[in-house]
Amino acid sequence: MDDCLFCKIVAKEIPARVVREDETVLAFEDIRPQAPVHILIIPKEHFASLDDAGEDKEAILGRLLLAAAAVAREKGLARTGYRVVINTGPDSGQEVFHTHVHLLGGRKMRWPPG
Ligand code: AMP
Ligand code: ZN
């Protein structure tokens with residue numbers, strides 16, 4: 001997608017602090033962290049939101065969650081815990097319409113979220 005911020009990060013046209021990369025997934029630090037650890041995990045392939053994900057996205061959605069867990073372990077969050085969030089659509093506050101998983105940790109989280 002020509003005009004997508006996260007596609008530009010995948011293409012290395014916009015810089016990011018990458019913490020993990022493989023053939024299908026990229027993980028990088030959120031530019032406005034909401035917790036001591038705040039990493040975004042995205043598919044390299046563009047699709048706008050979870051609502052746009054059909055059956056063909058089963059494998060990549062699994063890889064996103066496994067990558068989030070792997071990054072959480074690398075960041076030392078496995079014992080204390082962490083939160084994984086996929087904002088989807090207007091009520092969620094989704095701002096970037098390239099599917100992404102937020103990994104948040106390093107502080108006590110509140111529930112319910114705001
Ligand atoms: P969402 O509200 O779920 O769409 O989240 C989008 C996230 O992308 C926000 O947490 C932003 O801080 C983050 N973000 C926006 N631009 C960049 C960027 N250039 N590099 C890293 N994170 C970004
Ligand atoms: Zn994109």
Side-chain angles (χ1 to χ4, degrees):
M1 285 277 287
D2 285 351
D3 221 23
C4 171
L5 174 66
F6 286 176
C7 282
K8 288 179 179 163
I9 288 177
V10 169
K12 309 282 198 267
E13 292 166 16
I14 291 177
R17 294 168 69 122
V18 172
V19 298
R20 189 181 188 86
E21 180 168 16
D22 65 22
E23 64 279 7
T24 53
V25 164
L26 186 71
F28 53 93
E29 293 179 6
D30 195 292
I31 207 166
R32 279 178 286 145
Q34 303 300 315
V37 176
H38 188 173
I39 307 289
L40 300 175
I41 302 100
I42 72 170
K44 288 190 167 177
E45 173 197 6
H46 180 96
F47 57 101
S49 79
L50 195 57
D51 188 53
D52 282 350
E55 291 291 324
D56 61 316
K57 298 296 186 287
E58 181 177 349
I60 187 65
L61 289 170
R63 291 191 69 89
L64 289 172
L65 292 181
L66 291 173
V71 173
R73 282 193 292 276
E74 284 164 15
K75 295 287 181 185
L77 298 175
R79 187 181 58 80
T80 49
Y82 54 89
R83 183 167 290 170
V84 165
V85 173
I86 306 177
N87 290 326
T88 305
D91 274 1
S92 75
Q94 183 179 5
E95 289 178 352
V96 178
F97 285 84
H98 177 129
T99 298
H100 51 280
V101 172
H102 293 260
L103 168 66
L104 297 144
R107 67 167 169 83
K108 190 89 175 163
M109 302 287 158
R110 290 178 297 277
W111 192 264

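Being a predicted model, the structure only gives us computed values, none of them experimental.
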Set of residues satisfying ring-ring contact (aromatic ring centres under 6.0 Å, His included) with respect to Phe28, sequence neighbours excluded: Phe6
Distance-minimising heavy-atom pair for Ala35 and Gly105: CB-O, 3.5 Å
Any donor-acceptor N/O pair, Glu95 side chain to Gly93 backbone, under 3.5 Å: no
Over 12 non-hydrogen atoms of neighbours within 6.0 angstrom of CD in Glu55: no
Any donor-acceptor N/O pair, Arg107 side chain to Gln34 backbone, under 3.5 Å: yes
His98 and His100 aromatic centres sub-6.0 Å: no
Donor-acceptor pair, side chain of Gln94 and main chain of Ala48, under 3.5 angstrom: yes
Heavy-atom side-chain contact between Thr99 and Asp52 under 4.5 Å: no
Same apolar cluster: Val96 and Leu26, side chain cutoff 4.5 Å: yes
Closest contact, heavy atoms only, His38 versus Pro33: ND1-CA, 3.5 Å
Any residue meeting side chain to side chain contact (heavy atoms under 4.5 Å, CB included) with Pro113, in chain and number order, not counting sequence neighbours: Arg83, Trp111
Fellow cluster residues of Tyr82, listed by chain then number, with links counted only when side-chain atoms sit under 4.5 Å apart: Val19, Val25, Val37, Ile39, Ile41, Phe47, Leu50, Ile60, Leu61, Leu64, Leu65, Val71, Leu77, Val84, Ile86, Val101, Leu103
Test side-chain contact (heavy atoms from CB on, under 4.5 Å) applied to Leu5 and Ile14, step by step: CA-CA 8 Å; Leu5 174 66; Ile14 291 177; 3.5 Å; yes
Residue list, salt bridge (Lys or Arg N to Asp or Glu O under 4.0 Å) with Glu74, at least two apart or on another chain: Arg20
Non-neighbouring partners of Asp56 that pass side chain to side chain contact (heavy atoms under 4.5 Å, CB included), sequence neighbours left out: none
Enclosure of Asp91 CG (heavy-atom neighbours >12, cutoff 6.0 Å): no
Pair listing, side chain to side chain donor-acceptor pair (under 3.5 Å) test, anchored in residues 2-19, at least two apart: Lys12-Glu21, Arg17-Glu29
Spacing of NE2 belonging to His102 relative to CG belonging to Asp30, to within rounding of 0.5 Å: 6.5 Å
